[in-house]
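We count ligands from 1, going down the list as the structure has it; atoms in each ligand are counted the same way.
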Amino acid sequence: MSDRPRVLVTRVIPDEGLDRVREACDVDLWEDELPPPRDELLRRVSGIDGLLSLLTDRVDDELLDAAGPQLKVVSNFAVGFDNLDVPALTRRGIPAGNTPGVLTETTADLAFALLMAAARRIPEGVDYVRDGHWRTWGPMLLMGVDIHGATLGIVGFGRIGREMARRGGGFGMRILYHDVHPASPEDEAELGATRVELDELLAESDFISLHVNLTDETRHLIDADALRAMRSTAVLVNTSRGPVVDPDALERALRDGEIFAAGLDVTEPEPLPADHPLVALPNCIVVPHIASATGVTRGKMAAMAAANLLAGLRGDRLPTPVNPEVYG
Ligand code: GLV
């Protein structure tokens with residue numbers, strides 16, 4: 001038997017990471033387009049030294065028991081890690097890593113693209129032309145809302161939220177943010193951003209962009225009341241995690257004209273079935289969780305996920321641990 005570490009990689013990821021893992025480890029690679037079904041995942045983790053997981057894999061006590069006590073590291077190919085039961089990992093002394101930093105700007109780019117597409121009704125315009133309806137220049141055709149000079153409310157002012165502020169600044173927007181941790185006065189000044197309470201942000205913003213982690217506190221943060229507090233011309237953008245928004249309340253708000261439009265990269269549930277009412281609404285743009293999906297960024301994420309995995313297998317500190325408390 002080889003004395004190389006045994007690892008499970010739960011989907012094909014870019015070569016920038018996979019090649020490094022393959023050079024150092026015996027790799028069981030799940031090659032399907034869909035994630036491994038739960039029973040398959042539990043079977044395959046048995047006896048592994050390292051797990052390179054995706055946000056579609058739930059890593060909890062059941063999985064850690066199935067893996068066994070030799071498991072040294074879990075490396076998540078994502079910045080978000082709500083799929084990991086971090087306390088369970090920490091209790092067992094297993095470090096877990098994520099991929100922060102490298103996808104910040106790419107994700108903010110997509111959030112801004114959704115903001116613009118929803119404001120200016122780009123998908124509706126594309127469908128209009130494709131469906132053969134374009135017969136003349138229409139003085140009232142597909143009127144949207146202005147982006148320049150509007151107020152952008154950013155909920156969650158971490159790395160990605162701040163990049164969103166920069167993009168808004170470039171369009172001459174007024175920037176409000178809400179976060180439990182205030183930014184420093186220097187950062188606020190540099191980004192031209194003002195901290196407000198959530199109620200004020202919802203009421204004052206023309207565009208509301210969500211950049212919080214999914215936690216018990218942020219689950220359905222945007223519910224029926226929050227949507228009612230928004231302007232009827234407001235555009236909601238979600239590139240964080242689907243369950244931050246109550247999907248039934250959003251559907252009602254979009255259908256009843258309580259808000260103008262939404263742009264969603266993430267949904268609850270995920271994937272969103274094609275026959276889900278949100279998909280049918282003309283003022284709702286849904287894309288399939290692609291915010292970090294550029295070749296360069298996914299390559300960097302893969303390299304980072306490999307670096308975390310290999311560090312953990314060597315017993316070194318992970319470059320980007322989500323539970324640094326395991327190191328005492
Ligand atoms: C994607 O959603 C990520 O968390 O990286």
Got more than 12 heavy atoms from elsewhere within 6.0 Å of NE2, His181?
-> no
All salt bridge (charged side-chain N to carboxylate O under 4.0 Å, His left out) counterparts of Asp246, not counting sequence neighbours = none
For ligand 1, which of its N or O atoms have a protein N or O partner closer than 3.5 Å, and how long is each gap?
from, atom 1, to, atom 2, distance (Å)
ligand 1, 2 (O), Arg241, NH1, 2.7
ligand 1, 2 (O), Arg241, NH2, 3.4
ligand 1, 2 (O), His289, NE2, 2.6
ligand 1, 4 (O), Val79, N, 3.3
ligand 1, 4 (O), Gly80, N, 2.7
ligand 1, 4 (O), Arg241, NH2, 2.7
ligand 1, 5 (O), Val79, N, 2.8

Return the set of residues passing salt bridge (charged side-chain N to carboxylate O under 4.0 Å, His left out) with Asp206 (not counting sequence neighbours), or none when no residue passes.
-> Arg231
Is it true that the side chains of Thr56 and Asn83 contain a donor and an acceptor less than 3.5 Å apart?
-> no
With Phe112 via ring-ring contact (aromatic ring centres under 6.0 Å, His included) - residues at least two apart = Phe171
Would you find more than 12 non-hydrogen atoms of other residues, nucleotides or ligands less than 6.0 Å from Arg44 atom CZ?
-> yes
